[in-house]
Amino acid sequence: MTLPIVVLQTDEKWDCHQCGACCRSSLVPLNDQDVERLQNQRWDEHPGFRGTATMVRSGFASKTFRLAQRKNGHCVFLNEAGLCRIHLEFGADAKPTICRIFPLQLIPRDGKLALTLRRSCPSAAADKGRSLKEQLPVVQQHVRDSRMQAIAIAPPALKRGEQRDWKVIGRALEVLAELLLDPRFPPVRRLVHAVQFANLLDKAKTKSMDDLKLVELIDTLCEIVPEESKRFFSDRQPVGAYAKILFRSIGLEFARLHPQHVAQRNWLQRLQMVASLFRLVRGNGSAPITKPFPRAQFNDLEKPLGALSNDIDHALSRFIESSAASYIYAIADRRSWSVVDSIRGLAITFPIGLWLLRWASLGREPSTEDMIQIVVALDRGNGFAPLTGSLHRMRLRLLATDGQMERLIVWFAQ
């Protein structure tokens with residue numbers, strides 16, 4: 001059954017500004033219709049593509065395909081002017097499905113679909129363009145043409161080993177959205193409230209509760225977390241040694257997703273990465289990734305940054321707020337995660353974003369453009385295997401102990 005589409009009150013904005021960022025370092029999966037369409041375009045006969053693969057298998061022995069990339073990570077169809085060759089020669093409708101609909105995304109919820117944006121598009125990260133309400137007719141046409149799915153899905157687990165129906169899960173996600181959009185508090189306070197909510201819910205013995213009692217508990221926790229969270233702001237302390245190691249390892253994963261970073265798949269870089277891991281465990285030394293980040297010592301990236309302009313703060317805050325309002329953080333790309341795990345995954349992006357900002361702007365004043373590019377990297381993490389798998393989930397659970405995640409959020413907000 002097709003679900004109705006709703007536009008959220010967060011008033012997201014976007015238009016394509018042909019920056020080409022989505023054509024660089026992005027893996028674009030192809031469905032059967034995309035493959036057939038590309039084959040019919042006969043690129044193998046084009047002078048500029050003879051001997052050049054336009055599609056590759058998604059994995060070893062995989063039966064699915066994705067668009068091929070050049071050695072620099074750019075899509076094989078991206079030309080020197082930053083434009084798509086398929087679009088230029090055959091029109092917008094000839095492009096692969098993902099390319100036509102990105103960054104628009106529909107998030108299935110209980111009985112409806114929320115229209116939102118993937119902020120891995122710089123224009124979406126900057127809220128640059130028309131409102132999504134204006135673009136609703138285009139999305140509805142995509143649904144009619146089967147380019148976007150508009151069907152119900154099963155809700156995620158509430159926490160590890162505990163499945164509930166949409167009545168309970170929907171209320172938990174609604175409460176988390178209320179906490180993360182609460183205008184009475186600054187973004188850093190809201191995030192600590194959300195993490196506290198997740199931690200208290202995780203510790204509560206809820207398996208024996210019926211749905212009504214559990215919803216009552218969820219509402220109660222929402223009321224008490226502002227008071228529970230005050231201690232982290234009255235006593236700002238850096239995290240312990242093990243938490244630093246976990247945090248830095250997560251930060252390095254996100255740094256690889258910066259739109260200007262190109263991974264060089266050679267033995268020298270692999271040896272440099274191994275050496276950096278030893279430095280990371282020791283707690284000192286330099287971070288391994290260079291372009292676009294300057295050479296830096298780990299310890300330099302954990303010093304107070306000072307007050308940021310509203311424009312810089314805005315890009316990161318909007319990423320958190322739109323994720324919370326749409327539920328994209330808990331449903332898209334992480335469907336095996338529980339709600340508790342997902343809120344921790346969203347919360348860690350705040351201190352990671354500020355850590356990356358310190359790194360990108362080391363030796364100079366940070367800019368709004370710095371933060372927009374970092375938000376692109378944070379959003380890319382939603383579909384990046386090292387940041388959606390069981391290892392990352394375990395790191396987040398370890399950081400959730402002893403208030404370490406709350407301390408990270410508060411410390412990097414300085």
Side-chain angles (χ1 to χ4, degrees), residues 1-10 12 104-118 139 143 148-181 190-191 193-222 225 320-349 379 381-383 385 387-390 392-394 396-397 400:
M1 180 181 71
T2 300
L3 301 178
I5 302 170
V6 297
V7 178
L8 303 170
Q9 293 182 348
T10 44
E12 295 179 88
L104 300 165
Q105 184 149 6
L106 292 173
I107 304 300
R109 293 154 64 145
D110 186 17
K112 58 189 174 185
L113 294 154
L115 176 60
T116 188
L117 295 169
R118 291 296 303 264
V139 174
V143 170
M148 300 181 80
Q149 288 192 331
I151 57 175
I153 63 167
L158 181 66
K159 54 186 183 179
R160 186 165 36 170
E162 187 165 345
Q163 294 289 154
R164 295 282 179 156
D165 63 20
W166 267 115
K167 178 183 177 182
V168 174
I169 300 303
R171 183 54 189 155
L173 292 171
E174 187 178 9
V175 163
L176 284 163
E178 290 170 5
L179 291 171
L180 289 167
L181 295 165
R190 300 177 206 166
L191 277 163
H193 294 169
V195 171
Q196 283 280 286
F197 174 88
N199 291 344
L200 291 171
L201 183 61
D202 203 21
K203 292 174 184 175
K205 297 179 179 179
T206 57
K207 281 192 176 180
S208 61
M209 292 183 181
D210 61 29
D211 288 353
L212 181 60
K213 287 288 185 185
L214 185 48
V215 168
E216 289 176 358
L217 173 66
I218 288 170
D219 290 339
T220 300
L221 294 180
C222 179
V225 288
I320 301 289
E321 291 167 0
S322 63
S323 297
S326 66
Y327 306 169
I328 191 172
Y329 72 95
I331 297 174
D333 299 320
R334 285 193 174 123
R335 292 183 185 176
S336 62
W337 286 43
S338 69
V339 171
V340 167
D341 288 328
S342 293
I343 194 59
R344 291 168 180 163
L346 177 62
I348 200 64
T349 61
D379 187 84
N382 283 326
L387 293 169
T388 58
S390 57
H392 186 50
R393 207 160 47 216
M394 181 184 71
L396 295 173
R397 287 171 183 164

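These numbers come from a predicted model, not from an experiment.
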Beyond-backbone contact of [X] with [Y], side-chain heavy atoms, under 4.5 angstrom:
| X | Y | answer |
| --- | --- | --- |
| L201 | L158 | yes |
| H193 | C222 | no |
| V175 | L221 | no |
| L214 | R171 | no |
| I343 | L180 | yes |

Carboxylate-amine/guanidinium proximity below 4.0 Å for [X] and [Y]:
| X | Y | value |
| --- | --- | --- |
| D202 | R344 | yes |
| D379 | R118 | yes |
| E178 | R190 | no |
| D341 | R160 | no |
| K167 | D110 | no |

Which heavy atom in [X] sits nearest to a heavy atom in [Y], and how many Å separate them?
| X | Y | result |
| --- | --- | --- |
| P108 | I153 | CB-CG1, 3.7 Å |
| Y327 | A177 | CE2-CB, 4.5 Å |
| E12 | S322 | OE1-CB, 3.5 Å |
| T206 | R164 | O-NH2, 2.9 Å |
| I151 | L113 | O-CD2, 4.4 Å |
| F197 | V225 | N-CG1, 3.6 Å |

Residues V339, K159; criterion side-chain contact (heavy atoms from CB on, under 4.5 Å); working and verdict: CA-CA 6 Å; V339 171; K159 54 186 183 179; over 6 Å; no
Working for side-chain contact (heavy atoms from CB on, under 4.5 Å), residues V168 and I218: CA-CA 9 Å; V168 174; I218 288 170; 4.1 Å; yes
Side-chain (W337) to main-chain (T388) donor-acceptor, under 3.5 angstrom: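 Indeed, once roles are kept as given, a pair shorter than 3.5 Å links the two residues.
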Whether K207 side chain and E162 backbone form a donor-acceptor pair below 3.5 Å: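 Not confirmed, K207 side chain does not pair with E162 backbone.
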From CA spacing to verdict: side-chain contact (heavy atoms from CB on, under 4.5 Å), K112, I5: CA-CA 6 Å; K112 58 189 174 185; I5 302 170; over 6 Å; no
Pair K213, S208: side-chain N/O donor-acceptor within cut-off below 3.5 Å: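 No, S208 and K213 have no side-chain donor paired with an acceptor closer than 3.5 Å.
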E216 atom CD, neighbour heavy-atom count above 12 within 6.0 Å: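 Check passes, neighbour count above 12.
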